[in-house]
2 protein chains.
Amino acid sequence: MTPEITVLDRLLEVSELFQKDMARAFAGTPLTPSRTRLLWELAASGPSTQHALATRLEVSPRNITGLVDALEAGGYVTRSPHPSDRRAIIVSLAASAQAFMRDMQRDHAELSAELLGAVAPADRAALLRGVEAIAGRLRELVEAEEQRGEAAEARAVGE
Amino acid sequence: MTPEITVLDRLLEVSELFQKDMARAFAGTPLTPSRTRLLWELAASGPSTQHALATRLEVSPRNITGLVDALEAGGYVTRSPHPSDRRAIIVSLAASAQAFMRDMQRDHAELSAELLGAVAPADRAALLRGVEAIAGRLRELVEAEEQRGEAAEARAVGE
DNA sequence: TATTGTTATACTCTATAACTATA
DNA sequence: TATAGTTATAGAGTATAACAATA
């Protein structure tokens, strides 16, 4: 009774291969998956406080301190004072990192196109719809889990 | 010029959500993604030496030592001497973990079915073909990268 | 009193290198 | 001489808790 290989397994394999590819691409640089993720977030949302980054990336503020420390040391980001709140720090992409992120985005788009190109043209629309449906359903399931978890926590606190 | 959301992005999102779901499911247990991965490997391939696990999971033998230490302490696996090679150690799933893994496989299969169920029946065949094609192409790309890397290493050693 | 970021501490994952016991 | 696993060491990601400066 060997378990069947399912669509889900293939999706997870794609993600694993993708991460392997990234790791190889960034070997020899100070960029790690977590740091790269922070750079993507900065590229997408613009200069942000560390607190905002922690919230959006769903990690602890302490964790952001470490990631920003490393990225700042590598010249990828800069820290500057918040104009009105002297407790806060604004993290921005360094000028060179902006060009770097544009390259990353271009490479990512090219890879996406390359992979979609491997799919039979007649299958592409259904593939897109199908993946969208799977992502949507999984989002629902995870959200339901989260709410159940929060409810349990609230009960525990209330006791 | 906001980057488009692509099939690849959706695939990566699915993987991220899946991992989030796993993390939630294993909260409060000593099971982490790496340890769970080792358990899956043992369930799939049967009792194995640590060296074999290191090779198949593509991590260092030292890393396996730590993972097996934790899993052994948690009662998930047992270490026993190799029958003919006194250097080697055989790692096996503990009896309780065998039942546990059957449950995991069942849950995984149910989740896969649930997600495929969210896809319009008419789209399913094309989805399967499409995801297979993407995984295949990405496998090729990563393999090509690997070989280029090895060639470069060989040149460096030869110098 | 609440919030922002940091220091302190701890655990996990991971790797390389040196070492022990065995092959 | 080569291999299996461990000890030693180190860097990275992550979390919580305590604390300083500011709101």
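Keep in mind that the numbers below use all heavy atoms, side chains included, and drop hydrogens, waters and symmetry copies. Lettering of chains follows the sequences in order, A, B, ..., and the numbering in each one begins at 1.
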>> Can a donor-acceptor pair be found, under 3.5 Å and without considering hydrogens, that links the side chain of B:R37 to the backbone of B:L57?
In response: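 Flag set: sc B:R37 to bb B:L57 pair under 3.5 Å.
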> What does B:L67 touch in the nucleic acid at a heavy-atom separation under 4.0 angstrom: a base, only the sugar-phosphate, or nothing?
Replying inline: sugar-phosphate
>> Mind checking if A:S34 touches a base, just sugar-phosphate, or nothing, with heavy atoms under 4.0 Å?
In response: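 The answer is sugar-phosphate, as A:S34 gets under 4.0 Å only of primed atoms, P, OP1 or OP2.
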>> Checking contacts here: which listed nucleotide (D:dG5, D:dA12, C:dG5) is nearest the side-chain heavy atoms of A:R35?
In response: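 When the side chain of A:R35 is considered, D:dA12 is the closest of D:dG5, D:dA12, C:dG5.
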Heavy-atom distance under 4.5 Å between the side chains of [X] and [Y], does that happen here?
X      : Y      : result
A:L141 : A:E145 : no
A:L93  : A:T78  : no
B:R56  : B:S45  : yes
B:T6   : A:L111 : no

> Where along residues 42-54 of chain B does a heavy atom come under 4.0 Å from DNA chain C, residue by residue in number order?
Replying inline: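 Contacting residues: none.
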> Starting at the 5' end of DNA chain D, which residue's closest nucleotide do you reach first, B:I90 or A:T32?
Replying inline: B:I90
> Looking at residues at least two apart in the chain, or sitting in another chain, which of them share a side-chain contact (heavy atoms from CB on, under 4.5 Å) with B:H51?
Replying inline: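 Listed in chain order: B:T49, B:T55.
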> In terms of ring plane angle, is the pair B:F18 and B:H108 parallel, tilted or perpendicular, where the classes change at 30° and 60°?
Replying inline: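 Ring orientation of B:F18 relative to B:H108: perpendicular.
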> Within the structure, does a side-chain N or O atom of A:T65 lie under 4.0 Å from either OP1 or OP2 of C:dT6?
Replying inline: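 Answer is yes, contact under 4.0 Å.
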> Under 4.0 Å: is that the gap between some side-chain N or O of A:R79 and OP1 or OP2 of C:dT4?
Replying inline: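 False: A:R79 side-chain N/O out of range (4.0 Å or more) of C:dT4 OP1/OP2.
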Could you pull out the protein-nucleic contacts involving nucleotides 16-23 of chain C (nitrogen or oxygen on both sides, under 3.5 Å)?
residue: C:dA23; atom: OP1; partner: B:R86; partner atom: N; Å: 2.7

> To the nearest angstrom, how far is B:Q19 atom CD from D:dT14 atom P?
Replying inline: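 Result: 12 Å.
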